[in-house]
Amino acid sequence: MNRIAVVGTGYVGLVTGSCLSDFGLNVICVDKDEGKIESLKRGIIPIYEPGLEPIVERNVYYRRLEFTTDLKQAVESCDVIFIAVGTPPADDGSADLTYVKQVARDIARYMNGYKVVVNKSTVPIGTGKKVREWISEELAKRGAICEFDVVSNPEFLREGSAVHDFTHPDRVVIGTDSERALEVMKQVYRVLYLNETPFVETNVETAEMIKYASNAFLAMKITFINEVANLCERVGANVQDVAKAMGMDGRIGPKFLHPGPGYGGSCFPKDTKAFAEMARKFGVSLSLVEQTIEANERQKLLAAQKIEQALGDLSGKQLAVLGLSFKPNTDDMREAPSITILNELAKKGATFKVYDPAAYNEAKWRLKNIEDKITYCENEYETMEGSDALVIITEWNQFRSLDLNKVKKLLRQPYFFDLRNIYKKKDMEERGFKYFGMGQGA
């Protein structure tokens, strides 16, 4: 096995390249952003991901991992080239393949022998064929004859636990029609193969579909329990007990049955919209997915309404907000519920003192339109001084064991909005809090 190139040093690319180098492979990570590459060479990691920094440091030290802006040199010296660039949503919700197309054509310009080109980015069904066409077109322009195969190898990484997910996956999906490419990919993932990780070998289109279908199903599962939670509040049921009992059913399972203010992040919102748009183009209705997208946006608004209904007129009221990132253990605020919630409450006159362990750099530009209403604090308790209510939006572990006596003393009023259900209603009310969870009707 010769060297591996990973094009794109965003979330997926950097985790993929770093972990493959930790498997003992020689990896070149390529990005056209010179500033990012220079930072990576100095050991500065551009994303917040627990456990990633020591892996990068270790493998740079042992010279198994390097960073460059020179795609030509990477393509010429590597047998396997992963495409891990962004596929942002276009105006109609479909995935924008501009960056994938550019990289595919650039790979073809520099090809000097057999290459396995691997789509790691989340891409619509049919992208593998397009990548093959783009590469073939560029080779024809050059008058070059080079053998190559295109493989779909979708990622299933959760932000905040991506290193573990890469090194201990539930399955490795390899989509290709080529036995030669399949054998190469098995060598790439040889460490996982030896650990008896299940390998799903299929054609390219099926592999592309697996990624979208998986994410859409998980998004639906979250949305389902959110809607059940809303009903629980009205009928006097407790959604946590409902979810626990549901999860005991082996056909359902306990994961992703945690109600909250809606899902966010770089995957579920983007992938559900792209999946629905893709289906429309083929004349198929994915009504469950379309309803999931709408219901998730409603859930974010409902969380804001819950706070307004309890507090009444928000003019001049200050809220202590804990957590801005879309989930714990990441600094990512893409489509985060906090953005919708704070904007909605700001319209009603609220101001905020906020604390998040990692997301301030992103928050300061994503919430720039209401920056005059936000004070960024250094810890949890600073947010509560002089605030009329506490709102937990993201369930960072350190928010699970707050000094509740201190919280009550610092807040002007004992309003406690727990949008992640990390405290129990009965316990909080016994302590004198006016407690509002999600779906804790009993």
Side-chain angles (χ1 to χ4, degrees), residues 226 229-230 233-234 259-262 264 294-326 333 335-356 359-360 362-396 399 402-423 425 428-429 431-441:
N226 281 342
N230 299 340
E233 285 184 14
R234 298 292 177 92
E294 290 178 23
N296 188 60
E297 291 310 307
R298 280 200 304 272
Q299 191 71 9
K300 296 176 185 179
L301 294 171
L302 189 144
Q305 288 163 9
K306 180 190 287 275
I307 295 164
E308 185 188 0
Q309 284 166 4
L311 293 177
D313 183 7
L314 292 177
S315 298
K317 289 211 167 104
Q318 178 176 282
L319 305 180
V321 175
L322 299 185
L324 298 171
S325 57
F326 87 93
M333 282 184 62
E335 305 274 351
S338 62
I339 298 172
T340 300
I341 293 168
L342 266 62
N343 273 285
E344 286 299 309
L345 297 176
K347 286 179 198 170
K348 304 297 172 71
T351 59
F352 313 96
K353 289 176 78 175
V354 306
Y355 173 68
D356 187 285
Y360 280 174
E362 197 164 329
K364 284 175 180 172
W365 65 268
R366 288 201 186 269
L367 296 170
K368 191 167 178 57
N369 61 309
I370 54 169
E371 65 182 353
D372 58 321
K373 298 179 184 294
I374 299 175
T375 303
Y376 292 95
C377 298
E378 292 185 14
N379 60 58
E380 302 91 315
Y381 299 106
E382 191 186 326
T383 68
M384 301 168 201
E385 293 173 16
S387 292
D388 295 287
L390 175 64
V391 183
I392 298 177
I393 299 181
T394 313
E395 68 277 33
W396 286 85
F399 302 157
L402 295 170
D403 181 338
L404 295 173
N405 291 329
K406 190 174 181 180
V407 171
K408 201 168 175 205
K409 282 178 188 168
L410 290 170
L411 289 173
R412 287 178 58 201
Q413 303 178 74
Y415 281 93
F416 196 110
F417 296 92
D418 179 6
L419 302 186
R420 298 291 180 174
N421 286 352
I422 56 180
Y423 292 89
K425 181 177 182 177
M428 297 300 285
E429 288 181 343
R431 286 174 169 269
F433 284 97
K434 293 176 180 175
Y435 177 85
F436 301 84
M438 302 296 280
Q440 295 191 51

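With Asn226 contributing its side chain and Asn296 its backbone, the two residues share no donor-acceptor pair below 3.5 Å. A distance-only check finds a donor-acceptor pair linking the side chain of Tyr360 to the backbone of Cys377 [under 3.5 Å]. Proximity of a side-chain donor or acceptor of Glu308 to a complementary backbone N or O of Leu345 within less than 3.5 Å is not detected. When atom types are taken as modelled, the side chain of Glu395 and the backbone of Arg420 share no donor-acceptor pair closer than 3.5 angstrom. Side chain of Glu233 to backbone of Gly439: a donor-acceptor contact under 3.5 angstrom is found. Here the side chain of Thr394 pairs a donor or acceptor atom with the backbone of Ser325 at under 3.5 angstrom. With hydrogens and angles ignored, the 3.5 Å screen pairs a side-chain donor or acceptor of Lys353 with a backbone N or O of Glu385. The main-chain N or O of Asn343 is never found under 3.5 Å from a side-chain atom of Lys373 such that the two would form a donor-acceptor pair. With hydrogens and angles ignored, the 3.5 Å screen pairs a side-chain donor or acceptor of Glu362 with a backbone N or O of Met333. In this structure, the side chain of Lys425 engages the main chain of Gln440 through a donor-acceptor pair within 3.5 Å.
Annotation: side chain of Asp418 is not in contact with side chain of Phe433 (no heavy-atom distance under 4.5 Å). Proximity of Val354 to Leu342: side-chain heavy atoms (C-beta onward) are separated by under 4.5 Å at one or more points. Side-chain contact between Leu319 and Leu311: present, with at least one pair of heavy atoms (C-beta onward) separated by less than 4.5 Å. Side-chain contact between Lys300 and Glu335: present, with at least one pair of heavy atoms (C-beta onward) separated by less than 4.5 Å. With contacts defined as side-chain heavy-atom distances shorter than 4.5 Å, the pair Trp396/Leu322 does not qualify. Using a 4.5 Å cut-off on side-chain heavy atoms (C-beta onward), Leu324 and Phe352 make no contact. Contact of the Tyr355 side chain with the Tyr381 side chain is not registered, since no non-hydrogen atoms from C-beta on lie closer than 4.5 Å. Two residues are said to be in side-chain contact when any heavy atoms from C-beta on lie closer than 4.5 Å; Glu344 and Ile307 fail this criterion.
Atom CZ of Phe417 and atom NZ of Lys434 lie 10.0 Å apart (nearest 0.5 Å). Rounding to the nearest 0.5 angstrom, the gap separating the CE atom in Met438 from the CG atom in Leu419 is 5.5 Å. Rounded to the nearest 0.5 angstrom, Ile341 CD1 and Gln299 CD are separated by 9.5 Å. The CZ atom of Arg431 sits 4.5 Å away from atom CG of Leu404, with the distance rounded to the nearest 0.5 Å. Distance check: Asn369 CG to Asp372 CG gives 9.0 Å after rounding to the nearest 0.5 Å. The line from CD1 of Ile393 to OG1 of Thr340 is 10.0 Å long, rounded to the nearest 0.5 Å.
Here the closest heavy-atom approach between residue Asp388 and residue Lys317 is recorded as OD2-CA, 3.4 Å. Of all heavy-atom pairs spanning Gly262 and Pro337, the tightest one is O-CG, 3.1 Å. Taking all atoms of both residues into account, the shortest heavy-atom contact from Pro261 to Ala303 is CB-CB, 3.9 Å. Shown here for Ile370 and Ala346, the closest heavy-atom pair between the two residues is CG2-CB, 3.9 Å.
Under a cutoff of 6.0 Å and an axis angle of 45°, Lys364 and Tyr376 form a cation-pi pair.
Taking the six-membered ring wherever Trp is involved, the centroid distance between the rings of Tyr423 and Phe416 falls below 6.0 Å.
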